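A quick note: this is a predicted structure, and the numbers were derived from the prediction, not measured. Proteins get letters first, then strands, A, B, ... in listed order; numbering begins at 1 in each.
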There are 2 protein chains.
Amino acid sequence: MVYGEYRLSGMAGESTGSEPDRTLRLLWRSHFGEPVGSRGPKQRSSVDEVVATAVQLADVDGIDAVSMRRIADRLGLKPMSVYTYVPGKAELVDLMVDRVAGEMELPRLDGELPERLARIARLQWEEYLRHPWLLSIDTSRPPLGPNVSDHWEWCLRAIDGLGLSDLDMDRIVTLLLGFVTGPARAHLDAERHRAVDQESAVDWWERNEPLLDEILDAKRYPVSARVGQAAGAVEQAGPSDVFEFGLARLIDGIVDYIGVSAR
Amino acid sequence: MVYGEYRLSGMAGESTGSEPDRTLRLLWRSHFGEPVGSRGPKQRSSVDEVVATAVQLADVDGIDAVSMRRIADRLGLKPMSVYTYVPGKAELVDLMVDRVAGEMELPRLDGELPERLARIARLQWEEYLRHPWLLSIDTSRPPLGPNVSDHWEWCLRAIDGLGLSDLDMDRIVTLLLGFVTGPARAHLDAERHRAVDQESAVDWWERNEPLLDEILDAKRYPVSARVGQAAGAVEQAGPSDVFEFGLARLIDGIVDYIGVSAR
DNA sequence: CGGGTGACCGTATGGTGTACGGAGAATATA
DNA sequence: TATATTCTCCGTACACCATACGGTCACCCG
């Protein structure tokens, strides 16, 4: 079985010269309004429907299930017709990312700084839980769509006016959002194993115990053996404890730095 | 062109009953030694050669270039023969990850705590620079191979004996390693754009300026506009400044926490 | 009421992972 | 030594994938 994932198009443009970027126009399609004076026949579907279908497929069956053919099927189209809505798959993924970035309301930015920072991370956490495929996407260059941009602006505002340099602001938000991926991956991976493999991580461990005992012997891995046991036990117990605890520590660190830096 | 990426096999096992896990056995192949008493003809290649070829392909042309057919070509084999060395592509990726985890020597763990923490992050940073495709891989469940395990043990030892709970140790290492991916992605993405697209990020920005000026207007994105400018300027300037600066802050935060926690 | 535009799609190309079964080589066993 | 077993290599095939190209035809504008 193929486990394919797709990079963001990275706003690569089509190198058609002065044409700005079709992806950009697609991302901001609601801002540009309907294309007026189109000659040909009416479109039977819409960009939003295509993107929504893709997101649905990814949510239910994973990012691998997102294929132009399947999208076409769902919409009652033939594969090649999808390309009249979207230039290609990479651009479609951009649109998917921006779409899901916009489906959750951005909470108010009141309260103390630590609480604001926590809100940033928790929103991201929730987004990963709703759309696990986001973790399988190369987010090196997030699409500059309206929802992603709104989200980013919202994050930055949470730490604006504290005397931080622009660079520090960028770094702090990146750090905070990046932190979430770790616990989110661990959590979703454990969940996926319970659901799909029908054997929990514990079962897997038990099945492979004889081999692992031989390999991961306490002489070579004294610390890992001890720590791994604790980490495994907690994965069993709490759902997002690891996330919340790590978050609290991280926020402490960030707040400390802001205090020193703004002095 | 397809931009596929591949998840780790996640040690899924083959559900063949009591058979532990072929992937595990492959990962620890050096530990088990040569298989004695094999009946058929000698193998013309080896698992190590297959994995090395795959890593080379990924290093030079990206993870997409890693295909069973291409590997076979390089080794003078036909595609299906590769499957006599490796069960499948997911398992191959596991082996690739463990291989590159072992190619860099783990430095001594002496010196002050901050220096030790920095060494952990810098090693990871270097590994990402050498093998950018590692960033395109779903590392939710890293393969339990010898090199990955050694690496993990080495990380944990750097913060062992400080009075931290096992759980905290796990979390801190995860946090530190997770942090690296952010700057590494940014850095490599910028580099890739310079090399491949032959237009720097600045050029892209200029080409799309008219559209972006209309969209990302200062009214809607006052903070992003300001911060983005600063972040972009620095991306131009320093190579790993962002990484080093962020690392210093993060370490400060971690050290603070350890001090409080161990009291 | 044409002319032109663009949505839809049939076909095809070149890729992917990998299941299946066969040929033949090399060793273990009788 | 002869036979049985087992394993490597691989030819073929299947089911996908993204997408380039060109044709057909519905529709709007002039």
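- We find that CG of B/Asp64 is positioned 13 Å from P of D/dA18, with the value rounded to whole Å.
- Between A/Glu103 and A/Arg130 there is a salt bridge, since a side-chain N of the basic residue sits under 4.0 Å from a carboxylate O of the acidic one.
- A heavy atom closer than 4.0 Å to some atom of DNA chain D occurs in A/Pro41, A/Lys42, these being the qualifying members of residues 41-54 of chain A.
- Contact annotation: side chain of B/Arg69 to base of C/dG17, donor-acceptor pair present below 3.5 Å.
- Taken from CH2 in B/Trp125 to CG in B/Leu129, the straight-line distance is 5.5 Å, to the nearest 0.5 Å.
- As rounded to whole Å, 8 Å separates atom C1' of C/dT16 from atom NZ of B/Lys89.
- With respect to the salt-bridge test (charged N to carboxylate O, under 4.0 angstrom), the residues B/Asp61 and B/Arg70 do not qualify.
- B/Ile120 has its side chain within reach of B/Trp154: a pair of non-hydrogen atoms, C-beta onward, lies under 4.5 Å apart.
- A/Asp98 CG to A/Arg29 CZ: the interatomic distance, rounded to the nearest 0.5 Å, is 7.5 Å.
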Any N/O pairs under 3.5 Å between the protein and nucleotides 3-5 of chain D? List them or say none.
unit_1 : atom_1 : unit_2  : atom_2 : d
D/dT5  : O4'    : B/Arg39 : NH1    : 3.4
D/dT5  : O2     : B/Arg39 : NH1    : 3.1

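- Between A/Ala65 and A/Leu57, the closest heavy-atom pair is O-CD1, 3.9 Å.
- In terms of modelled atom types and a separation under 3.5 Å, the side chain of B/Arg25 and the main chain of B/Arg22 share no donor-acceptor contact.
- Note: A/Ile137 CD1 to A/Ile63 CD1 = 4.5 Å, rounded to the nearest 0.5 Å.
- Contact check for A/Glu127 versus A/Val180: no side-chain heavy atoms found under the 4.5 Å cut-off.
- A heavy-atom distance below 4.0 Å to DNA chain C is reached by these residues of residues 70-84 of chain B, ordered by number: B/Arg70, B/Met80, B/Tyr83.
- Two residues, B/Met68 and B/Gly40, neighbour DNA chain C, and the one matched to the more 5' nucleotide by heavy-atom proximity is B/Met68.
- Separation of atoms NE2 (B/His131) and CZ (B/Arg99) is listed at 9.0 Å; rounding is to 0.5 Å.
- Just one of A/Leu134, A/Val50, A/Val51 meets the side-chain contact (heavy atoms from CB on, under 4.5 Å) condition when paired with A/Met96; it is A/Val51.
- OP1 or OP2 of C/dC8 lies within a sub-4.0 Å distance of a side-chain N or O belonging to A/Tyr85.
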